[in-house]
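First the proteins, then the strands, lettered A, B, ... as listed; each starts at 1.
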Amino acid sequence: MALGLETAQAEYKLNLMQGVTKLSHDVYDLHMLILWVCVVIGILVFGAMFYSIYYHRKSKGHQAAQFHENTTVEIIWTIIPTLILVAMAIPATKTLLEMDDVQDSDMSIKVTGWQWKWEYDYLDNGIHFFSSLDEASNKARQIGSGIDPRSVPHYLLNVDHPLVIPTKKKIRFVFTAADVLHSWWVPDFGWKKDANPGFINEAWTYIEKPGTFRGQCTELCGKDHGFMPIVVIAMDQPDYDAWVKKTKEEAQKGPSLENQSHDELVSKGAAIYSKNCSTCHLPDGKGVPGAFPAIGGSAVVKGDINAQANLIINGKGGMPAFGKMLKADELAQVITYTRNALGNTVGDEIQPKAVQEMLPKTSAAAAKPAVVAEKAAPVADMSKDELLALGQTVYTSNCVSCHQAEGQGNPPMFPALKGSAVVTGDINKQIDLMLNGKGMMPGFGHSLKAADFAAVVTFTRNALGNSVNDLVQPSTIQKLQAEMPAANDDDED
Amino acid sequence: MSAAVAEHDDHHDDHEHHDHGPEKGLLRWIITTNHKDIGTLYLFFALAMFFVGGTMAMVIRAELFEPGLQFVQPQFFNSMTTMHALVMVFGAVMPGFVGLANWMVPMMIGAPDMALPRMNNMSFWMLVAGILLLSTTLFMEGGAPAGGWTLYPPLVLQTGKALPFAIFSVHLLGISSIMGAINIIATIFNMRAPGMTLMKMPLFVWTWLITAFLLIAVMPVFAGAVTMLLTDKFFDTSFFDAAGGGDPVLYQHIFWFFGHPEVYIMILPTFGVASTIIPVFARKPLFGYSSMVYATASIAFLSFIVWAHHMFTVGMPIAGELYFMYATMLIAIPTGVKVFNWTATMWKGAMTFETPMLFSIAFVVLFTIGGFTGLMMSIAPSDFQYHDTYFIVAHFHYVLVPSSIFILMAAGYYWLPKWTGHMYNEKIGQLHFWLSTISVNILFFPQHFLGLAGMPRRIPDYAVQFADWNMISSIGGFIFGASQLLFLYIVIDTIKGGTGEKVTNEVWEDAHKHGLEWTLPSPPPYHTFTTPPTVIPTEHV
């Protein structure tokens with residue numbers, strides 16, 4: 001989309017890029033400062049050394065002096081570097097503190113690293129997608145592809161779905177990973193941050209002008225570590241709003257659950273296999289013994305189709321859960337394909353509808369409804385049992401990944417809810433914390449419906465080992481939500 | 001033990017010219033307990049591994065010669081970077097310095113042998129077993145470890161059949177290193193000649209003493225970390241698995257608590273050799289002997305409290321970031337003292353530039369460049385940009401290749417005439433020096449540019465704006481690799497007779513003032529200092 005606006009390959013550079021944010025400029029200034037300090041010390045030390053090498057040589061008849069210590073000199077060359085270091089530490093500390101301050105952000109994006117793609121969740125408006133290496137680079141990068149990388153625009157630095165963000169907004173990123181360690185780096189922003197499975201990291205950026213910024217994963221994450229680039233497109237607010245609208249409309253379409261013919265399933269499945277499966281299981285399905293099992297002749301693929309579908313949807317060990325990444329029709333196609341190609345001839349098929357029923361409710365295939373759409377519509381009161389039942393579902397899809405199924409949490413990062421001072425304390429304080437978030441806890445005020453919100457609050461206070469025995473009604477939450485400052489994107493809905 | 005040694009000594013005094021030469025044939029090298037033989041074994045093993053690890057580096061540089069994948073699949077490329085590092089660290093640099101310690105520490109302190117000669121033999125052969133076991137993983141199902149030499153989980157747990165073998169080989173290498181370290185400490189503390197007080201020891205002995213303590217302190221930590229990997233993989237523990245209440249970042253803390261002292265294990269003996277060679281060729285005592293000792297000790301101490309600067313981007317609390325930034329910056333002070341002292345040692349000397357001196361001077365200059373980039377990386381906000389890019393690759397190769405490796409070369413040229421009794425070919429030595437020094441800079445200097453421009457490390461393929469400098473770097477790499485064949489030639493040629501020139505006991509002008517080894521014949525007899533020397537050289541203190 002932005003390809004036409006710039007040259008298709010970046011120029012080579014010698015020095016650090018200044019980048020496009022205040023933070024990246026501060027980092028650049030620090031870099032230049034310490035570089036010049038090193039250059040000056042280098043000139044002095046190497047100057048003295050080479051002077052000595054030239055003049056104090058035996059072949060010139062120089063007689064060796066015999067001095068071997070001088071306390072004054074040694075104190076001087078201990079004190080001066082110390083002072084230089086203190087002088088360096090001051091601006092470095094200042095920049096570090098500023099980078100650490102993610103408070104008062106305008107919006108949050110959750111970034112999840114996968115082998116070997118990035119998942120982006122816009123926490124404020126529910127937009128969600130995966131971003132992986134673009135098709136052209138992927139073709140060219142295979143051994144013996146015969147394609148000159150120089151002919152591919154932004155070779156290895158281009159993706160299928162770039163991350164789109166607005167300009168002039170403080171954007172908070174939260175990072176985690178689904179499998180192994182990754183690290184998210186866009187040099188123009190001035191930092192990189194590791195994405196660790198089971199843990200959350202934070203960082204922020206604020207971009208003044210629209211533009212396209214490219215980066216890569218920088219923590220070794222397996223064989224295709226070099227092939228999971230990052231592309232961020234910053235747009236002015238009106239363009240961004242239009243993008244949000246368009247993206248949401250597309251997401252709402254959802255999968256086609258129409259029955260498809262056997263041949264159609266197989267032929268469409270081939271493309272899905274090549275995009276999603278062939279990196280590990282290889283294009284011919286032979287796999288990599290010891291690491292990635294072969295598809296051809298596999299007991300799973302040749303066995304019960306529902307068991308295979310279940311494994312693909314929910315993942316197992318190194319196999320990621322594709323229920324989150326692919327839609328029901330795509331899953332049906334690729335499952336049918338593997339059973340009837342790559343050396344397998346099982347002869348059966350699975351239809352999108354059957355897959356849809358197996359999918360967990362929060363998956364991408366379930367086509368996230370536009371959240372908080374009916375802000376203004378009045379909501380009815382619910383009984384405590386209704387709240388608890390609904391709360392259980394909401395808890396399972398929104399809270400368990402951090403606070404765990406039994407509410408035991410994952411200390412020290414994720415506090416236990418069982419016996420938590422917040423949950424067993426003043427209900428209004430708990431609601432406030434959940435609406436607005438705090439530290440790593442995201443604010444749910446914009447992403448949960450009033451009824452869901454009330455239900456999950458009630459659930460946490462009366463289940464998971466707690467028995468406060470109070471509840472909150474959706475109408476109360478609705479009022480509080482109405483008072484919240486609007487999130488960037490929801491006011492369009 | 002001391003009684004046994006004393007008895008041994010007496011024995012030799014009585015029968016100096018009897019049957020106490022080495023065993024004949026191959027068995028000599030397998031069962032030897034002689035420090036010189038074991039030193040030779042270590043040095044040859046290190047040289048062999050230098051070429052094995054170097055071959056892997058050539059595979060890496062060949063693949064990176066041009067954008068696009070030409071020769072190897074990404075998984076194998078990752079195995080190459082991982083194995084290159086493990087082989088170079090545990091197979092080449094560390095054994096190289098242990099070999100020097102075996103040969104030189106007893107001769108420098110006037111001792112007849114190492115304190116624990118049988119353990120000495122065992123630690124060498126465990127090293128061989130460990131490295132061989134590691135090498136076999138290349139041929140296993142799923143390939144050799146490919147998660148980087150740091151073996152970070154969860155990625156390393158995706159290794160195929162090789163994982164338990166690699167972990168066991170790390171255990172063997174660790175036990176070997178610990179036994180070697182115990183031996184060096186026992187030797188230095190118990191077997192110094194009368195009058196060889198601690199503050200009269202050559203700096204090489206001092207730096208090895210401190211290094212040995214580092215080894216004993218951190219090797220068990222590494223062994224513990226990899227054992228936890230093993231139980232996580234095979235025995236359902238969850239030390240590093242968040243889903244079971246563990247923490248993958250915990251591994252990084254444990255690893256770097258080992259890893260940072262580990263990099264100083266490779267550089268402190270380097271400092272020691274440089275401090276030994278430079279004064280001899282400057283014909284001047286080492287400047288600031290005691291400050292060198294204290295600086296080495298300070299660096300060793302600091303190495304234990306700075307580990308998380310390898311993890312600035314991992315997501316630490318701000319207080320942790322600040323602390324590790326300040327602590328890391330402090331390292332520049334004792335390191336600076338060392339560089340200033342070497343410069344002051346050269347100042348107003350009467351220098352000559354034989355190959356050992358050339359390599360030592362190149363070390364001081366190029367190590368300082370590596371130190372500068374290290375200082376830059378200590379600035380945490382800047383490190384957010386540098387981290388895991390080729391800038392880091394350039395940094396640590398500057399402090400390993402033209403530092404540790406160059407000093408191992410310098411030590412080779414410096415002591416080969418002593419060890420063999422023959423002079424090496426100075427012309428070819430200087431050719432080797434110039435080819436190495438020029439090519440090592442062509443190889444690694446452009447990697448600074450690549451990293452700053454945004455090229456991540458450990459990638460088999462790259463965006464085309466990185467193409468030019470990668471090609472230049474690869475060309476430098478090929479020249480550097482080929483140049484090292486000259487060193488192999490020189491070593492063999494010198495053993496066979498070299499220039500044919502008969503070398504004196506002290507080999508280098510007035511060297512006897514700088515170290516006890518130069519008071520011995522060249523080559524030294526199989527057993528030396530069976531009676532302790534009476535005159536202790538003090539030129540260096």
For A:Asp148, side chain to side chain donor-acceptor pair (under 3.5 Å) partners two or more places apart: none
Contact origin within A:Ala140 toward chain B - heavy atom pairs under 4.5 Å: neither
Residue, of B:Trp342, B:Tyr386, B:Phe466, that accumulates the most heavy atom pairs under 4.5 Å with chain A: B:Tyr386
Closest approach of A:Ala89 to B:Tyr326 (non-hydrogen atoms, all atoms of both residues): CB-CE2, 3.9 Å
Nearest heavy-atom neighbours spanning A:Ser52 and B:Lys348: OG-N, 4.2 Å
Proximity breakdown for B:Asn341 and chain A, heavy-atom pairs closer than 4.5 Å: both
A:Asp194 and B:Met311, any side-chain heavy atoms less than 4.5 Å apart: no
Pair A:Gln216-B:Ile459, side-chain contact (heavy atoms from CB on, under 4.5 Å): steps then yes or no: CA-CA 10 Å; A:Gln216 283 180 271; B:Ile459 56 174; 4.2 Å; yes
Donor-acceptor contact present, side-chain A:Asn196 to main-chain B:Val314, <3.5 Å: yes
Pick from A:Pro91, A:Ala48, A:Pro197, A:Gly190 with the largest number of heavy-atom pairs that fall under 4.5 Å of chain B: A:Gly190
Separation between SG of A:Cys221 and CG of B:Leu155, rounded to the nearest 0.5 Å: 7.5 Å
Where A:Tyr155 and B:Gly68 come nearest, the two heavy atoms and their spacing: OH-CA, 3.6 Å
Part of A:Leu157 lying under 4.5 Å from any heavy atom of chain B: side chain
Aromatic plane relationship, B:Phe287 with A:Phe67 - under 30° parallel, 30 to 60° tilted, over 60° perpendicular: perpendicular
Heavy-atom pair count under 4.5 Å with chain A, highest-scoring of B:Thr150, B:Leu69, B:Thr81, B:Val156: B:Leu69
A:Lys193 to B:Phe384 six-membered ring, cation-pi geometry met (6.0 Å, 45°): yes
Interchain contact, B:Asp468 with chain A, by part (heavy-atom threshold 4.5 Å): side chain
Chain B contacts, top residue of A:Thr93, A:Leu35, A:Val39, A:Val45 (heavy-atom pairs, under 4.5 Å): A:Thr93
Choice from A:Leu220, A:Val27, A:Val73 maximising heavy atom contacts with chain B below 4.5 Å: A:Leu220
Heavy-atom side-chain contact between A:Met49 and B:Val365 under 4.5 Å: yes
Proximity breakdown for B:Trp469 and chain A, heavy-atom pairs closer than 4.5 Å: side chain
Rounded distance [0.5 Å steps], CG in A:Leu97 versus CG in B:Leu322: 5.5 Å
Proximal component of A:Met99, with respect to chain B [non-hydrogen, under 4.5 Å]: side chain
Side chain, backbone, both or neither of B:Val72 within contact of chain A (heavy atoms, under 4.5 Å): backbone
Which atoms of B:Val249 approach chain A - backbone, side chain, both or neither, heavy atom under 4.5 Å: side chain
Toward chain A: residues of residues 366-373 of chain B with heavy atoms under 4.5 Å: B:Thr368, B:Ile369, B:Phe372
Interface moiety of B:Ser378 toward chain A, non-hydrogen atoms closer than 4.5 Å: neither
Which atoms of A:Gln63 approach chain B - backbone, side chain, both or neither, heavy atom under 4.5 Å: backbone
Flag, side chain of B:Asn78 to backbone of A:Gly222, donor-acceptor distance under 3.5 Å: yes
Any A:Pro149 side-chain heavy atom under 4.5 Å of B:Tyr462 side chain: no
Any donor-acceptor pair under 3.5 Å from A:His62 side chain to B:Gly349 backbone: yes
Among the listed options A:Leu16, A:Val86, A:Thr82, the residue most often paired with chain B at heavy-atom distances under 4.5 Å: A:Leu16
Contact origin within B:Met325 toward chain A - heavy atom pairs under 4.5 Å: side chain
Test item: A:Lys192 side-chain N/O and B:Gln385 main-chain N/O as donor-acceptor pair under 3.5 Å: yes
Max heavy-atom pair count under 4.5 Å with chain B, selected residue of A:Pro187, A:Pro81, A:Gly226, A:Ser24: A:Pro187
Min side-chain heavy-atom separation B:Asp461-A:Phe227 under 4.5 Å: yes
Heavy-atom proximity to chain A below 4.5 Å, by part of B:Ala146: backbone
Heavy-atom check, side chain of A:Phe46 versus side chain of B:Thr343, under 4.5 Å: no
Stepwise side-chain contact (heavy atoms from CB on, under 4.5 Å) check, A:Val180 with B:Gln158: CA-CA 9 Å; A:Val180 300; B:Gln158 295 180 354; 3.5 Å; yes
Closest heavy-atom pair and its distance - A:Gln66, B:Arg283: NE2-O, 3.4 Å
Audit row: A:His68, B:Tyr289, side-chain contact (heavy atoms from CB on, under 4.5 Å) steps and yes/no: CA-CA 8 Å; A:His68 60 90; B:Tyr289 171 86; over 6 Å; no
side-chain contact (heavy atoms from CB on, under 4.5 Å) evaluation trace for B:Phe449 with A:Asn15: CA-CA 6 Å; B:Phe449 306 144; A:Asn15 199 359; over 6 Å; no
Among B:Leu452, B:Ile379, B:Asp383, side-chain contact (heavy atoms from CB on, under 4.5 Å) partner for A:His31: B:Leu452
Per-residue contact mode, B:Phe71 against chain A (heavy atom under 4.5 angstrom): backbone
Side chain to side chain, A:Trp185 and B:Thr389, heavy atoms closer than 4.5 Å: yes
Pairing residues for A:Lys58 by the salt bridge (Lys or Arg N to Asp or Glu O under 4.0 Å) criterion, not counting sequence neighbours: B:Glu509
Contact leader toward chain B among A:Asp179, A:Asp224, A:Asp100, where contacts are heavy-atom pairs under 4.5 Å: A:Asp100
Distance (rounded to the nearest 0.5 Å) between B:Met376 CE and A:Met32 CE: 8.0 Å
Salt bridge (Lys or Arg N to Asp or Glu O under 4.0 Å) partners for A:Lys22, two or more places apart: A:Asp26, A:Glu98
Region of B:Ala282 in contact with chain A, defined by heavy-atom distances below 4.5 Å: backbone
Contact origin within B:Phe353 toward chain A - heavy atom pairs under 4.5 Å: side chain
Part of B:Tyr152 lying under 4.5 Å from any heavy atom of chain A: side chain
Proximal component of A:Ile53, with respect to chain B [non-hydrogen, under 4.5 Å]: both
Residue part contacting chain A, namely of B:Pro153, when any heavy atom lies under 4.5 Å: backbone
Segment of B:Pro67 engaging chain A (4.5 angstrom heavy-atom cut-off): both
